[in-house]
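See structure below.
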Amino acid sequence: MLVQPGQHLELTVENISHQGEGVAKFQGYTVFVPFGAPGDLVRAQVISAKKDYARAIIKEILQAGQRVEAKCRWFQECGGCNLQHLDYDLQLAIKTETVRTTLKRIGGISPEIVKDILPTRAWSYRNKLQAPVAIHRGKLTAGLYKPRSHDLIPVTECVIQEDVNNQAAKQIAIIARETGVTAWVEREQKGSLRHILVRHSQGTGQTLAALVVSALDFPNRERFLKKLREEMPDLHSLVLNENPRLTNVILGDREEIIWGPGCITDEIGELTFKISARSFWQVNPVGAEKIFHKVKEYAKLQGKETVLDIYCGTGSIGLYLADQATRVIGIESNLSAIEDARDNAKMNGIDNAEFHAGRAEVLLPRMVQKGLKADVIVLDPPRKGCEPSLLEAVAQAKPLRIVYVSCNPATLARDLKLLEEWGYLAREVQPVDMFPQTSHVECVVLISRVEK
């Protein structure tokens, strides 16, 4: 290897990788530099080295390039944002280029069909906060973890969170300390409070707090809940969620509603949606509305179509399309989300939508074998993308169009390549900046059948 761990290098950062790290060259050898900005001249120390690349941390910025001062005092410490040191317009340009190069490299997709990214609100956009709880400097504290660790950073004012969420988490932690509630200590498997989850709706002004505890019955419970009720009267609903397991999964399967309905309602366009603690919901409402609008545009519905909404979550996209379709069928593995989707349909007076609980990889092939056909299929999978068997079933349903919503350009590119083998071509890609200050990017893709 050209370089060794511990070695100091003088590097010029040339551009930004798809993971948001600076990219530099040392005698033609690639070195990734976290928190580097294009044009930076830095002195960096190598922390790992492989055959084709190394990673080095900045020890000194000898000459600043295209960097700005980060807003957050915990920037580079917590595992949240990694692009705060870049101007927002530069972030947008980097993400557009990331989508183009990734789709070309993995999927052979022409960069020409990728449009410039749609911006959203750069700060205070997140409507959901998940704050781990731990002992920090001798007291129960809520915050965020350092990258790749369970070391807590006491982030009390996250700059990409809506301030309502920050204040609610801070107040809950204070009340927990005052009432003698203990923090969960993973290595000792003792303590009560594990996570504070807060969801807020800008549209309705409602806030939900879900407190993840090791057991629903815990020491000082009634005293804690009583003081929460007294000091947080504006909290629309409070839920206790029990998770006794040794796992990185935040939420458990048992819940107890302490007050309120156990959910909040949020709005997109003219529709209202019920959102529970365990349901998937887009964290950026401005970006979500742009995505929904683009999905409807790409679907090109005329009022007579059957629409399949796969990985439908709380039914939001399918219900958004229902007024222009004859029938909407949603599939989702999260039972809580399916229950919300059915409630959302009733709440909005939509009677042409149905929702099925189960793994899409299992349900869709079965439905297609029974003769199901669809005019438009919407895919909105998790980061891992779609199973090949699912994409095969999608093609066998013979839709005229597929609209793919993706949060991972790499798996999107892989899936687009597979769909091309089944006779479906990507026609247009619209990136949307759902996660400003981070390297993540969402895409909406119009895919249509190749006519033979």
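Just so it is clear, the model here is predicted, and its values are computed rather than measured.
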Please check if the number of heavy atoms outside [X] that lie under 6.0 Å from its [atom1] is greater than 12.
X: E270; atom1: CD; value: no
X: R245; atom1: CZ; value: yes
X: H293; atom1: NE2; value: no

Between the main-chain N or O of [Y] and the side-chain N or O of [X], is there a donor-acceptor pair closer than 3.5 Å?
X: N243; Y: V213; answer: no
X: N344; Y: L319; answer: no
X: N348; Y: A345; answer: no
X: Q161; Y: K128; answer: yes
X: T438; Y: F435; answer: yes
X: N408; Y: R383; answer: yes

Subject >> Side-chain donor-acceptor contact under 3.5 Å, T314 with D340 >> reply: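 Note: T314 and D340 side chains miss the donor-acceptor criterion.
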
Original post:
Among all residues two or more places apart in sequence or in another chain, which pass the side chain to side chain contact (heavy atoms under 4.5 Å, CB included) test with A134?
Top reply: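 By the side chain to side chain contact (heavy atoms under 4.5 Å, CB included) rule, A134 matches L152.
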
Original post:
What pairs with N352 under side chain to side chain contact (heavy atoms under 4.5 Å, CB included), at least two apart in sequence or on another chain?
Top reply: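 Applying side chain to side chain contact (heavy atoms under 4.5 Å, CB included) to N352 gives A322, I350.
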
Between [Y] and [X], is there a side-chain heavy-atom distance shorter than 4.5 Å?
X: I250; Y: V212; value: yes
X: I329; Y: D309; value: no
X: V239; Y: L211; value: no
X: K50; Y: R55; value: no
X: T30; Y: D52; value: no
X: D323; Y: K296; value: yes
X: W74; Y: C158; value: no

If you look at every heavy atom in [X] and [Y], which pair is closest and at what distance?
X: A37; Y: I16; value: CA-CD1, 4.4 Å
X: A210; Y: A277; value: CB-CB, 3.7 Å
X: L235; Y: L208; value: CD1-C, 4.4 Å
X: P261; Y: S237; value: N-OG, 3.5 Å
X: C443; Y: L412; value: CB-CD2, 3.9 Å

Selection [range] - residue pairs positive for salt bridge (charged side-chain N to carboxylate O under 4.0 Å, His left out), sequence neighbours left out:
range: residues 83-96; answer: K95-D433
range: residues 149-159; answer: E157-K170
range: residues 205-217; answer: none

Original post:
Got a sec, which residues hit salt bridge (Lys or Arg N to Asp or Glu O under 4.0 Å) with E392, two or more places apart in sequence or on another chain?
Top reply: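 With sequence neighbours excluded, E392 shows a salt bridge (Lys or Arg N to Asp or Glu O under 4.0 Å) to no residue whatsoever.
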
Subject >> Contacts of type salt bridge (Lys or Arg N to Asp or Glu O under 4.0 Å), residue K71, not counting sequence neighbours >> reply: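 Testing K71 for salt bridge (Lys or Arg N to Asp or Glu O under 4.0 Å), a comparison that skips the adjacent residues, returns none.
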
So, [X] and [Y], do they make that salt bridge, N to O below 4.0 Å?
X: K226; Y: E222; result: no
X: E77; Y: K146; result: no
X: R342; Y: E339; result: no

Subject >> Qualifying residue, where the test is side-chain contact (heavy atoms from CB on, under 4.5 Å) with Y320 and the options are I291, I268, V328 >> reply: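 Answer after filtering I291, I268, V328: I268.
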
**OP:** With I447 as reference, evaluate V394, V403, L419 under the side-chain contact (heavy atoms from CB on, under 4.5 Å) test and give the passing residue.
**Re:**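 The single option meeting the side-chain contact (heavy atoms from CB on, under 4.5 Å) with I447 is L419.
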
Original post:
Just one of R199, Q167, E162, H200 clears the side-chain hydrogen bond (donor to acceptor under 3.5 Å, both in side chains) bar with T207, so which one?
Top reply: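 The option that passes is H200.
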
Original post:
Which residues pass the side chain to side chain donor-acceptor pair (under 3.5 Å) test with Q430, sequence neighbours left out?
Top reply: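 Testing Q430 for side chain to side chain donor-acceptor pair (under 3.5 Å), a comparison that skips the adjacent residues, returns none.
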
Original post:
Who passes side chain to side chain donor-acceptor pair (under 3.5 Å) against T265, sequence neighbours left out?
Top reply: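 T265 satisfies side chain to side chain donor-acceptor pair (under 3.5 Å) with Q206 once adjacent residues are dropped.
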
Subject >> Pair F280 + Y311: ring centers closer than 6.0 Å >> reply: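 No: the rings miss the under 6.0 Å criterion.
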
Subject >> Residues that Y125 engages under ring pair (Phe, Tyr, Trp, His ring centres under 6.0 Å), provided they are two or more places apart >> reply: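 Testing Y125 for ring pair (Phe, Tyr, Trp, His ring centres under 6.0 Å), a comparison that skips the adjacent residues, returns none.
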
Original post:
Can you tell me how far CD1 of I57 sits from CZ of F35, rounded to the nearest 0.5 angstrom?
Top reply: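 F35 CZ to I57 CD1: 10.5 Å, rounded to 0.5 Å.
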
Subject >> Residue pairs, two or more places apart or on separate chains, that pass ring-ring contact (aromatic ring centres under 6.0 Å, His included) and touch residues 146-197 >> reply: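 Counting only pairs at least two positions apart or across chains, the ring-ring contact (aromatic ring centres under 6.0 Å, His included) contacts touching residues 146-197 are Y145-H150.
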
Original post:
So which pairs with a foot in residues 250-278 pass ring-ring contact (aromatic ring centres under 6.0 Å, His included), sequence neighbours left out?
Top reply: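 Output for this query lists F273-W281.
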
